[in-house]
Amino acid sequence: MRHLSRQELPQDSVTLARYLIGKTLVRELPRGRRLTGRIVETEAYLPGDAACHAYVGPTPRNRALFMAHGHAYVYFIYGNHFMLNVSSESEGVGAGVLLRAVEPLEGVELMQKHRGSTRLRELTSGPGKLAQAFKIDMNLYGQDYCTAGPLWLAEALQPVGRIGRSRRIGINKNAQRLLRFYEKGNPFVSGPRALRG
DNA sequence: CGGCTGATGATCT
DNA sequence: GATCATCAGCCGG
């Protein structure tokens, strides 16, 4: 499997969010164990977007959003869940793409163990579930997705279906903007039925 | 199936 | 003290 280079990764947030659909998320764990998933749902958070965590300017929490595109921004929310993002735009500009869902490929048994569930549909169909299945936490903060390491992005392994576009899920500010992308009809896409077709 | 709600902690006011 | 890019469990149809 081939890494995506920073050069081939789009810098523009919206372009990146759409581009990532169908690509492969790779998580390397100790003892040579590997988890992989096919990205099927993303959301873009833009410069100047009140819903973006970088909107308030750089802070210790959001600094990874200001890194060059292709670095991991991880945060903890609702006292329970980690969210995994890919930084976008150029260095110094705060923006990113939230990875909301993947289709499990390699390591399904280990994902089941991390999630405490054997139900395939429930393993990675949402940002919190995906992070738990892939053992994502603050240790991965700022990781480069374009180099060898515990977390990286690889090329698509299968053709990509039709890509849908909708409003983002779970936010109030700028809620009307069409910045969510997903593979139409994929059973691992999260959200209400109306936002999955 | 859809709708509702409590849990739980970091961050900011 | 409020907010928050969520989830599981419970309830009703």
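This is a predicted model, so every value here is computed, not measured. Every chain is numbered from 1 and lettered A, B, ... according to where its sequence line falls, protein lines coming before strand lines.
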Handout entry: Quiz item: A:Y75 side-chain donor-acceptor pair to C:dA5 base, under 3.5 Å
Key = yes
Handout entry: Heavy-atom donor-acceptor pair, A:N80 side-chain to C:dT6 base, under 3.5 Å
Key = no
Fill in the blank from the handout: Winner on side-chain proximity to A:E122, out of C:dA8, B:dC12, C:dA5, is C:dA8
Completion exercise
The nucleotide from C:dC7, C:dC4, B:dG2 with an atom nearest the side chain of A:H81 is C:dC7
Exercise for the section: Give one of base, sugar-phosphate or nothing for A:R115, where a contact means two heavy atoms less than 4.0 Å apart. Expected result: sugar-phosphate
Problem - Sugar-phosphate only, base, or nothing, as touched by A:G79 at under 4.0 Å among non-hydrogen atoms - result: base
Exercise for the section: Give me the ring orientation class for A:F76 and A:F82: parallel if the planes are under 30° apart, tilted from 30 to 60°, perpendicular past 60°. Expected result: tilted
Rounded to whole angstrom units, what separation is found between the [atom1] atom of [X] and the [atom2] atom of [N]?
{"X": "A:R168", "N": "C:dT6", "atom1": "CZ", "atom2": "C1'", "value": "16 Å"}
{"X": "A:F76", "N": "C:dT3", "atom1": "CZ", "atom2": "C1'", "value": "15 Å"}
{"X": "A:Y141", "N": "B:dA10", "atom1": "OH", "atom2": "P", "value": "15 Å"}
{"X": "A:R193", "N": "B:dG3", "atom1": "CZ", "atom2": "P", "value": "13 Å"}
{"X": "A:N62", "N": "C:dT3", "atom1": "CG", "atom2": "C1'", "value": "16 Å"}
{"X": "A:L65", "N": "C:dA5", "atom1": "CG", "atom2": "C1'", "value": "11 Å"}
{"X": "A:M83", "N": "B:dA10", "atom1": "CE", "atom2": "P", "value": "15 Å"}
{"X": "A:I77", "N": "C:dA5", "atom1": "CD1", "atom2": "C1'", "value": "6 Å"}

Practice task
Flag this pair as yes if the NZ/CZ of A:K23 is under 6.0 angstrom from the six-membered ring centre of A:Y19 and inside a 45 degree cone about the axis; otherwise no.
Solution key: yes
Handout entry: Geometric cation-pi criterion, A:R168 with A:Y45: 6.0 Å, 45°
Key = yes
Problem - Audit row: A:E43, A:V97, side chain to side chain contact (heavy atoms under 4.5 Å, CB included) steps and yes/no - result: CA-CA 5 Å; A:E43 284 177 357; A:V97 173; over 6 Å; no
Handout entry: B:dG6 - base-pair partner by Watson-Crick or wobble geometry, distances under 3.5 Å
Key = C:dC7
Handout entry: Ring-base stacking, A:Y78 with B:dA7 (5.5 Å, 30° cut-offs)
Key = no
Handout entry: Crowding at NZ, A:K135 (>12 non-hydrogen neighbours, <6.0 Å)
Key = no
Problem - Phosphate-side-chain proximity, A:R61 and B:dC12, N/O vs OP1/OP2 below 4.0 Å - result: no
